[in-house]
Undergrad: 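Structure incoming, see below.
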Amino acid sequence: MSKGILELKDITKVYDNGIVANKKIDLEIWENEIHAIVGENGAGKSTLMKIIFGMEQPTMGKYFLHGAETQMNSVEQAIRSGIGMVHQHFMLVESMDVVDNIMLGIEPKKGMLMDKKAARKMVQDVAEKYRFQLNYDKPVSEISIGMKQKVEIIKALIRGAKILILDEPTAVLTPQETQELFVQLKMLTKLGHTILFISHKLKEVKEISDRITVIRKGETRGTFPTEDLEIREISNLMVGRDVSLNYEKTRSQYGEVLLEMKNVTSKTDSGKMLKNISFALQRGMILGVAGVEGNGQSELVEILTKRGESYDGEIRIFKERLKNHSIKSLRSRGLGYIPEDRMTQGIAAEETISDNLISTRFHSRKFGKRAQLDKNAILSYADEAIRSYEISCHGNDHIVGYLSGGNIQKVVVGRECDEDVELLIAEQPTRGVDLGAAELIHHKLLDMRERGAAILLISADMNEIVELSDRCLILYDGEIVADFHEPKNHSEQEFGEYMLGLKKQGE
Amino acid sequence: MRTLAAVGIALGVGFVIILLLSDNPMESIFNFIVGPLTKFRYMGNVIETAIPLIFSGLAVSLLFQTKLFNMGTEGIFYIGGLIAAIAGITLTLPAGIHPVVAILASAVFGALVMGIVGYFKAKWDVSELVLSLMFNSILYGVGLYILNYYFREESTVVLKSVPIKETALLNDILPGTKVHSGILLAVVAVFVCDWFLNKSKLGYEIRMTGANKSFAEYSGINTKRAIILVSMIAGFIGGIGGAVEVIGMYDAFKWVSLPGLGFDGALIAMLAKNKPKNVIFSAFFLAYIRIGADLMSRLTDIPAEMVGIMQGLIILFISGRMFLQFYRNRLILKEAEVK
Amino acid sequence: GCSTAETDSDAYKVLLLIPGNLGDKSFFDAANRGLEELAEKGYETKVIEMSQDETKWEPAFLDAVDENWDLIISGNAASQLMNSIAMDNPDHRFLNFDFDSSDIETADNLYSVSYATNEGSFIAGAFAAMITSDTSLENVNEEKVIGFLGGMDIPGINDFLVGYIQGALHVEPEIKVLTTYAGSFVDPAKGKELSLAMYQSGADIAFNVAGQTGLGLIDAAFESEKYAIGVDSDQSALYRETEPGKADSVLTSVVKQIDRVIVDSAEKAKSGELEFGKHELIGLSEDAVGLADNEVYQNVPEAIRTEIARISQEVMDGAIEIKSGFAMSAQEITEYKDSVKP
Amino acid sequence: MNIIEQLLTSTFFYSVIRVSVPLLLPALGALVTNRAGVPNIGLEGIMLMSAFFGVVGSAFSGSAMVGLLAAIFMGIVMSLFLAYFTLKLKTNVILGGIALNLFSSSLTVFLLYILTGDKGTSASLASKTLPSIRLPIIEDIPFIGAVLSNHNVLVYVTFVIVVLVYILLQKTPLGQHIKAVGENENAAASVGINVNRTRIISFIICGVVCGIAGAFLSMGYVSWFSRDMTSGRGWIALAAEAMGRNTMVGTVLSSMLFGFASALANILQLQGLPTELVTILPNIITVVALVSYSVMKSKGGRKYE
Ligand SMILES: Nc1ncnc2c1ncn2[C@@H]1O[C@H](COP(=O)(O)OP(=O)(O)OP(=O)(O)O)[C@@H](O)[C@H]1O
Ligand SMILES: Nc1ncnc2c1ncn2[C@@H]1O[C@H](COP(=O)(O)OP(=O)(O)OP(=O)(O)O)[C@@H](O)[C@H]1O
Ligand SMILES: [Mg+2]
Ligand SMILES: [Mg+2]
């Protein structure tokens, strides 16, 4: 078949803090293939990719590019050697606009100065070539996550990457966007690009890749041609057991209404993001909200979590008007919130796991009487959470920022799915999380529903919505275009038509 | 270990300079390193010097812990010292109560002033750095005016206040030194702050606000209140520090320029990584090298400026996290291989 | 410490403890010069800068009495402390080169002097008034305005100011005096800025009493083509070699012979003639303060110099009573200043 | 003359410019390093060393130009010194800055003493000053000529630097990189920008402007070095930069505001107001300006509540 374009031999990586992220990894990448890397959270995938990209230096081992042994000392060198990488966490400068972000480091010059016109032209050309729609002049802080992902991909392509590393690019994309991306990836391989692809969604891996390398606890479990492996086998190699992500739900008895929106329209001067939204969420119900990113989901959650959006219409939460609540009173009444952006709102990265686990309910008597905090109660609470969520760490005093992303997510979920929570707003609860962890989180959500909590589930992952929700709203352009009572009875095709605005219920 | 090496290198650099200057380099170095231990009185000097440093270090670490880059402790020390002196001059109270009143007056004022900075920061996001630097000058100017126009000792060359009443002065607790009861207060303050920050619910709110403000907000913590509160506490401690220094070490208010102790606080806080308990060690460390350097310049022929030069070098080397990292990395690697 | 002079072991040993840092261009530098002179004369000397931080002074004194110095010199802000140390250590001898406060009982083993600074600045005020009134001089305007730049609004500086104003009024009752303080002794740029403003506001001559800040006034005088009066030492000499133009704009300086007093006292102490336990106020009569007489001063019109000499004589004879800034409250000083404000 | 008349004179505005320059230059330095994400508290120390070496350089070479170059060189050396510790050895940048100030304040006096035997000033060194320059044409415009012309050459250099720094930050790739490094160093690193190198460059730029500021103090404003002659200007510059909210225009305006208030305070002193209170006028003006700006801004931004 094709020849090896990139080869790693015996790569070991020990981080400064003593964590061994990669152990004697061998990896061979062939030209023009789509090579998937799979493994649990913290298995060492990103680390390995960063080594290929020159961002991290291996502690030991050899690196061959086009058959020649190479020292990949810097990102700059990697880019020059035709390697591009789209990182798992966005690598964008928020205050700069899209064009500036894409051209960062390769700014075209006119004399000594930047040539903004030429830059824009270059970006436009590439975006058109790959059929990406971009908002060129908006600061990155104002564009949606899906858009950010596209910006990242263009960033790599425009640098002429022949080997393109994509670290969980689909985690934030809708099924349609993912399909679009896959078309692009196929086209790229035809144009002579080689692709390294990381995902926790095994269906995607199976669909797109030519070969698969499985990594477990820093070591390779081997590389296999994709057609030789069933999804079940992959998950077995990865996690050591079968994971299906399909659930048999019991029929639930719905109870009192905890959250109700009546004719809510948002009031911003940059166009109304939400139009006439009405729904009611009852105890024992998981209400899914689906839609292509940027169609009002974030605004909805921002209003509910009191982050400044103002609105017309009425919102009642725990039977009272939302406006009469402070965040604190909402919290104390039993509101849980899993934020989409776990790093900025979900955790305090420099603090310990235990401190992160109690931030919403440290006032409670179980964590100490009056003004004092009861250390022991907190620690045993934390140990319990670590155990039941299988958070892999050194202990309850592990600094959260040093966990792998999947495990950070578990900390957030662990805190927000606490037994006191009556109403949970779960925004992308399993984003970036490995199969095993996703299954665990899904079970937690179902358990909460079982005990009578109400859950508003916002997700870009259609499988998640379909499997978990009792009822599902689809948002398009700030409006509810569909309201499915048994989401499982509707096909993915049908969902897609509503989400893309091709259809609208009642028309 | 690393600290020793850092001190060693700074000394090495200093040593070269000293070799060029001194007729008796060994004696100079000796005075610097072990001088403070050679006499009981010198050890007392170390403690005396450490007392205000503990207070200012503590105040600044609370602020830095909450990511408030507020340098206002300097001004609080100045005005707090003056207020304590005024209380000591104007009030007539019994010996046990007088200092307490003086210290409290200063502390409350400090809390109010810093509270204003905190309020502006929390409410309107006014830069606390600018505000606190400006407040330093303003408090200094106003303090000087009050001193000059209302409490000045007449018929003397230098500007100082009329004497503070005996009853208001802190008594010395170590015979043969000037170590005063302020040291006890300092140690208590450290433990109270440590408890407050790590074991109390309010302290937790403050820590989380500092660690990630938007996270704290969405967890239901009132971050504005936390910012104002921590500013006030820092002001309170700064006020105590200024008062204790003046009624502990002086018999009249004699500061005609900002004492520099607040800025030292930033130094201490950074050395202590903003941890209240570490503040004691950092303060003693800085006090020790200061006294050592003083002794060196006093007892030998090294110019006084060596004090500042050596201090600067030692602080730079000690705080270099990556200093000798190479060596540490090898250790880590070995350990990892063993596993 | 610095400037240790090695001599034979039975030399007379003198220690100077400076309650501040060298480089003040005033008391401390002058005292240091005195010690340098003593060293040349074969004394064993040492100078310790105790820094501005007053908490460091007592340890330094205690160390000093632990060693066996024949004479320990200090003063200024450390006067009180030195007095009490002297009382506690009757075996040691002390010299206060600048006694800061008159109402303390002097220890028996301590000799102290203070300077009638106000006498010197009185003469300077008179001199300035005559200069601004003499429009025949180059660049002197019609208005009778003179200036004063102080380091800080503190008693030691205001003693100069009060004498200066009084001297000016003595010669010219219509005189106006611009007064500014820089608020710092180490900010020459600010000193210059303030001085420029004074010259712009009509001052023809101005007097600086502000340490390094004051040097900014001389710069400003030179740049504005006006005149300056120096302080403490002959400040014209400072620039004679390097910038003669600037040297020429400093018409005279109010000098204090601190170094001479120290040298004389030490010699007396060595020969056992110094009257310990005594406090002396020395001024014009003792030639301890006065105007610097140099080539620039010699170029000032004869008439002015004669008149200055006559007034000096009057002061020495006690015919004029000179106010002391130390004896006035801040309020009184403000009023006095305001009475001559333009 | 009454106050109002004095404020309307060309000499007043002339002095505003002169007073502002030694604040504006280090504020620009602070701006550049802050943009790169490394707040430089050591401005004071860097300026002081430059002021000293400017004097020494010009005294020993007999040339003001050499002095200026020595000052700039020293500014760069001190900046790199701080950069080495903070970027390479990972000393906390705030701590490093404070230590640098301490170190410079002592070292300059120490060297001064060794060179001149004086711990106060370098007046005994025959150092040179940089010339003042008359601007042709502009000089003849009434009022404006008197305000703008006949400043020290470094004042005009400062004008040029303001423009250059503006272009650097807004229009050049380097400025873009500095911004990226400051805002999200991982993002910058991921596109191959060398984070440390970019920060070192920003430190060097800061060193250059602080070097010029130091030279302005000791070879333009006055003609000698004296101990601690920067007198807190580095701190005021930091405040001005923070008040300008990390923007070019804001920094320039804040520095000028401070210069204006200081010049105003100088005039008011001549009116016989108490020094202690007049001296803090610039600080009060700053507080009032800052607070009202922030209040207005947050009122404007909270329309939607
Ligand atoms: N910069 C770092 N310093 C120290 N440890 C790190 C660093 N980056 C990653 N690690 C640790 O190395 C291990 C491997 O992390 P890595 O990010 O490579 O995992 P991953 O396979 O990408 O996981 P995920 O699926 O969650 O992305 C984890 O334990 C992680 O905590
Ligand atoms: N210097 C560090 N020391 C220790 N841990 C670190 C360090 N820097 C980052 N980490 C943590 O290690 C984990 C892995 O970091 P990395 O940058 O590889 O993320 P990732 O693998 O891309 O993301 P994720 O872990 O979400 O899959 C992250 O959770 C990160 O917070
Ligand atoms: Mg990863
Ligand atoms: Mg990871």
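A note on names: the letters A, B, ... follow the listed sequences, proteins ahead of strands, and every chain is numbered from 1. Note that the structure is predicted; figures quoted are calculated from it, not measured. Note: hydrogens, waters and symmetry copies are ignored here, and every other heavy atom, side chains too, is used.
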Undergrad: Can you find a heavy atom in the side chain of A/R159 that is under 4.5 Å from one in the side chain of D/V191?
TA: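 In short, these two side chains touch, coming nearer than 4.5 Å.
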Undergrad: Of the non-hydrogen atoms in D/E183 and A/S95, which two are nearest, and what is the gap between them?
TA: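 Residues D/E183 and A/S95, closest heavy atoms: OE1-OG, 2.5 Å.
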Undergrad: Quick one about A/E94 and D/N184 (side-chain donor to acceptor, distance below 3.5 Å, no hydrogens or angles considered), yes or no?
TA: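 No - no donor-acceptor pair under 3.5 Å links their side chains.
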Undergrad: So does D/Y156 have more than 12 non-hydrogen atoms from other groups sitting under 6.0 Å from OH?
TA: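 Atom OH in D/Y156 is packed in, count exceeds 12.
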Undergrad: Using a cut-off of under 4.5 Å on heavy-atom pairs, state which of A/I106, A/N101, A/I79 scores highest against chain D.
TA: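 Greatest number of close heavy-atom pairs with chain D: A/I79.
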Undergrad: Return the minimal non-hydrogen interatomic distance between D/P173 and A/L113, and the atom names on each side.
TA: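 Scanning both residues completely, I find the closest heavy atoms to be CD-C, 4.4 Å.
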Undergrad: Side chain, backbone, both or neither: which part of A/D100 has a non-hydrogen atom closer than 4.5 Å to chain D?
TA: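 Both parts, heavy atoms under 4.5 Å.
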Undergrad: Working to the nearest 0.5 Å, report the span between CE of A/M112 and CG of D/L174.
TA: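 So the gap between those two atoms works out to 8.5 Å.
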Undergrad: Highest number of heavy-atom pairs under 4.5 Å with chain A: which of D/N194, D/L168, D/T172?
TA: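 Heavy-atom pairs under 4.5 Å are most numerous for D/T172.
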Undergrad: Check whether A/R80 gets within reach of chain D through its side chain, its backbone, both or neither, counting any heavy atom under 4.5 Å.
TA: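 For A/R80, neither part sits under 4.5 Å from chain D.
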Undergrad: Looking only at atom types and distance, does a side-chain atom of D/Q176 sit under 3.5 Å from a main-chain N or O of A/L104, one as donor and one as acceptor?
TA: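 Answer holds: no.
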Undergrad: A/M85 vs D/S190, test: side chain to side chain contact (heavy atoms under 4.5 Å, CB included). Steps then yes/no.
TA: CA-CA 8 Å; A/M85 176 159 175; D/S190 77; over 6 Å; no
Undergrad: Side chain, backbone, both or neither: which part of A/K323 has a heavy atom under 4.5 Å from chain D?
TA: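 Neither part.
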Undergrad: Calculate, to the nearest 0.5 Å, the distance between atoms CD and NZ belonging to A/E107 and D/K171 respectively.
TA: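 A/E107 atom CD to D/K171 atom NZ measures 14.0 Å (nearest 0.5 Å).
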Undergrad: Heavy-atom cut-off 4.5 Å, strictly under: side chain, backbone, both or neither for A/L92 against chain D?
TA: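 Backbone of A/L92 only, per the 4.5 Å heavy-atom cut-off to chain D.
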Undergrad: With a cut-off of 6.0 Å (strictly less than), are more than 12 heavy atoms of other residues, nucleotides or ligands near CD of D/Q170?
TA: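 Yes, enclosed.
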